Protein chains: 2
Amino acid sequence: METAVRAQKMLDSFARANVLASECPSRQVLQHLTSRWGVLVMAVLATGTFRFAQLRRKIDGVSERMLAQTLQQLEQDGFVLRHDHGEVPPRVDYTLTPLGEEAAGHLVGLVAWIEESMPRVKAAQAAAAPDGDADAITPSVGRSVPATA
Amino acid sequence: METAVRAQKMLDSFARANVLASECPSRQVLQHLTSRWGVLVMAVLATGTFRFAQLRRKIDGVSERMLAQTLQQLEQDGFVLRHDHGEVPPRVDYTLTPLGEEAAGHLVGLVAWIEESMPRVKAAQAAAAPDGDADAITPSVGRSVPATA
DNA sequence: GTACGTACTTACTTTTCGTAAGTAAAGGGT
DNA sequence: ACCCTTTACTTACGAAAAGTAAGTACGTAC
């Protein structure tokens, strides 16, 4: 192994993670937590322990494939604990680890903010989309719009 | 307009948004904010105003296509303000709206937590994958990791 | 004995994403 | 004079991800 490579690894160990760097592993973790279903799984698990099918029913629209995949990612990152009772028919339940609870705290905070801020977001969306009221707000500065939108 | 339809609209206006419901518009907003590049764009814009190319350089790995798309989504939701100076060559800068700043607060909180928690996440990942190259991980605290009792 | 529930996995299809190139106009270099 | 670069995008196309449907190995209820 080259010296420069090893030196880089040492730096990696001590330097703080930076999600803006594409090769930083923290970005993958961010992606797992903020993935389409990851956020929702974490938010639900923040309220207790659940079985696979229970999560599937709670999270409207998630497929079995995606739920399984999401749970595996979260488990590998140490956010979720999978407890297989080893019975037949299968019985497995999922809980947050202490690390997962910390992460979930931020995620439920975000989700809660979105849910309570939706009226304001809707207002902004309505102002941005000239659908219905023709004489909307500032047409802003001439933003060229191609004929074939 | 039918009575049932009007009643539904009243409910829509007063009921709180719920991201667990697949048809709830809040889920799309959540997706925009937590999309792969959405989080990073919001986090960067939380530190000031930037031009398109500046954002592109700051956010390592983002393509022009995705940056443009992400910014458009965030603009439509009312989180980002696009200011086109109407000059040639083009000059456009992006800032957070007050609404966007609130959202960004939660996102930078999450990002900061991930960055400072990476050592623990790495330890968990190492414990989960006994076959991986432990070379990439340096246990920040030189201590054996319990098998997640 | 037929149907259903559990926790997944495996093929196949659709949607999304990333890469590369194109666009209009100004400015710098040779 | 002419080419090249910069800016903020858009468009086409191949690659990767996500969604859909079906299969698996049982056990229970009807």
Side-chain angles (χ1 to χ4, degrees), chain A residues 20-23 27-41 44-45 49-76 80-95 128 140-149, chain B residues 21-23 27-28 30-41 44-45 49-76 80-95 128:
Chain A
L20 293 181
S22 61
E23 70 284 355
R27 187 177 279 189
Q28 291 169 21
V29 175
L30 175 67
Q31 253 192 84
H32 295 163
L33 284 177
T34 61
S35 68
R36 175 165 189 187
W37 305 114
V39 193
L40 301 177
V41 167
V44 169
L45 287 182
T49 295
F50 295 96
R51 300 180 58 177
F52 186 89
Q54 288 181 310
L55 286 171
R56 179 151 159 56
R57 281 187 291 265
K58 283 217 166 209
I59 302 171
D60 190 26
V62 71
S63 65
E64 298 191 348
R65 185 188 184 290
M66 280 297 106
L67 181 55
Q69 191 176 110
T70 302
L71 284 168
Q72 283 167 8
Q73 288 177 339
L74 294 174
E75 188 195 358
Q76 287 192 344
V80 165
L81 209 147
R82 178 179 184 275
H83 180 44
D84 188 339
H85 295 242
E87 301 173 359
V88 169
R91 192 159 113 87
V92 180
D93 35 50
Y94 293 92
T95 323
S140 78
V141 200
R143 182 173 167 184
S144 61
V145 178
T148 56
Chain B
S22 61
E23 70 283 355
R27 187 176 280 189
Q28 291 170 19
L30 175 67
Q31 254 192 84
H32 296 162
L33 284 176
T34 62
S35 68
R36 174 165 189 189
W37 305 114
V39 194
L40 300 178
V41 167
V44 170
L45 287 182
T49 295
F50 295 96
R51 298 180 59 178
F52 186 89
Q54 288 181 311
L55 286 171
R56 180 152 159 53
R57 280 188 291 265
K58 284 216 165 211
I59 302 170
D60 190 26
V62 71
S63 65
E64 298 192 348
R65 184 188 185 283
M66 280 295 106
L67 181 55
Q69 191 177 110
T70 303
L71 283 168
Q72 283 165 8
Q73 289 176 339
L74 295 175
E75 189 196 356
Q76 287 191 344
V80 165
L81 209 146
R82 178 180 184 272
H83 180 45
D84 188 340
H85 294 243
E87 299 171 2
V88 169
R91 191 158 113 87
V92 180
D93 33 50
Y94 293 92
T95 323

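Here is how names work: the chains are called A, B, and so on, in the same order as the sequence lines, proteins then strands, and each is numbered from 1. A quick note: this is a predicted structure, and the numbers were derived from the prediction, not measured.
Partners of B/Leu81 under the side chain to side chain contact (heavy atoms under 4.5 Å, CB included) rule, at least two apart in sequence or in another chain, are B/Thr97. The side chain to side chain contact (heavy atoms under 4.5 Å, CB included) search around A/Thr49 returns A/Asp93, A/Thr95, not counting sequence neighbours. For B/Ser63, there are no side-chain hydrogen bond (donor to acceptor under 3.5 Å, both in side chains) partners two or more places apart in sequence or in a different chain. For B/Arg56, the salt bridge (charged side-chain N to carboxylate O under 4.0 Å, His left out) criterion is met by B/Glu64, not counting sequence neighbours.
The two residues A/Phe52 and A/Leu67 have their closest heavy-atom pair at O-CD2, 3.6 Å.
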Does the side-chain contact (heavy atoms from CB on, under 4.5 Å) test come out yes or no for B/His32 and B/Thr70, once each step is laid out?
CA-CA 7 Å; B/His32 296 162; B/Thr70 303; over 6 Å; no
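Note that CD of A/Gln72 is 7.5 Å distant from CD of A/Gln76, once rounded to the nearest 0.5 Å.
Counting non-hydrogen atoms under 4.0 angstrom, B/Arg56 reaches nothing in the nucleic acid.
If you measure from atom CZ of B/Arg82 to atom C1' of D/dT7, you get 12 Å, rounded to the nearest angstrom. As rounded to whole Å, 11 Å separates atom C1' of C/dA7 from atom CG of A/Leu71. Distance CG (A/Leu67) to P (D/dG19): 11 Å, rounded to an integer number of Å.
Regarding contacts with the backbone of D/dT10, a side-chain N or O of B/Gln72 is found under 4.0 angstrom from either OP1 or OP2.
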Distances for protein N or O near nucleotides 15-19 of chain C N or O, under 3.5 Å:
unit_1	atom_1	unit_2	atom_2	d
C/dC17	OP2	B/Gln69	OE1	3.3
C/dG18	OP1	B/Arg36	NH1	2.8
C/dG18	OP1	B/Trp37	NE1	3.4
C/dG18	OP2	B/Trp37	NE1	3.3
C/dG18	O6	B/Arg65	NE	3.0

What does the list of N/O pairs under 3.5 Å between the protein and nucleotides 24-29 of chain D look like, with a distance for each?
none

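In this structure, the side chains of A/Val41 and A/Val62 stay at 4.5 Å or more apart for every pair of heavy atoms.
Of the candidates D/dA8, C/dA7, C/dT9, C/dT9 carries the atom nearest the A/Ala68 side chain, counting heavy atoms from C-beta on.
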